[in-house]
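Contents: one structure, followed by commentary.
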Amino acid sequence: MSAQPEHGRGDMPLPEIRTVDDLRSALSRYGFPGDRERFEEELAAAIGASTTNDFEGAAAVVRAYRHRILIRNSSDIMAALEEARAEGGRE
């Protein structure tokens, strides 16, 4: 079995992300550099700002970072981002 790079290019098989702990693990392995730390900060802030019966803000943070994992894993999306970056945002 060969080692896979932490932040390699290309589509990588992702684990199922069913829980916040699953998301934490996925961010550590498949996320953009710094995503795990920013996720923890944003999640803590969202929970702290939530009322005791409404955690929609925290849920939005979880959804956003789950989406970042999907973006990071898509070779097509990453190629488009690199292309846009190379063009310098020019139209």
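Nothing fancy with the numbering, it's 1 onward along the sequence. Computed over heavy atoms, backbone and side chain alike; hydrogens, waters and symmetry mates excluded.
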query: Hey, mind stepping through V20 and L43 against side-chain contact (heavy atoms from CB on, under 4.5 Å) and telling me if it holds?
result: CA-CA 10 Å; V20 174; L43 182 62; 4.1 Å; yes

So CZ of R66 and CG of L27: to nearest 0.5 Å the spacing works out to 11.5 Å

Note to self: Ignoring hydrogens and geometry beyond distance, is a side-chain donor-acceptor pair present between T51 and N53 at under 3.5 Å?
What the structure shows: yes

Evaluate E40 against R36 for salt bridge (Lys or Arg N to Asp or Glu O under 4.0 Å), listing each step before the verdict. CA-CA 6 Å; E40 296 296 346; R36 170 72 190 270; 3.0 Å; yes

- prompt: Hey, are the side chains of R68 and D35 touching, using non-hydrogen atoms and a 4.5 Å cut-off?
  reply: yes

NZ/NE/NH1/NH2 to OD/OE distance under 4.0 Å, E82 and R85: yes

request  = Would you verify whether the NZ or CZ of R72 falls within 45 degrees of the ring axis of Y30 while also being under 6.0 Å from that six-membered ring's centre?
outcome  = no

Here the ring-ring contact (aromatic ring centres under 6.0 Å, His included) pairs for residues 38-80, sequence neighbours left out, are F39-Y65

* Asked: Any side-chain heavy atom of L23 sitting closer than 4.5 Å to one from I69?
  -> yes

_Counting only heavy atoms not in E16 (residues, nucleotides, ligands), do more than 12 fall under 6.0 Å from its CD?_
no

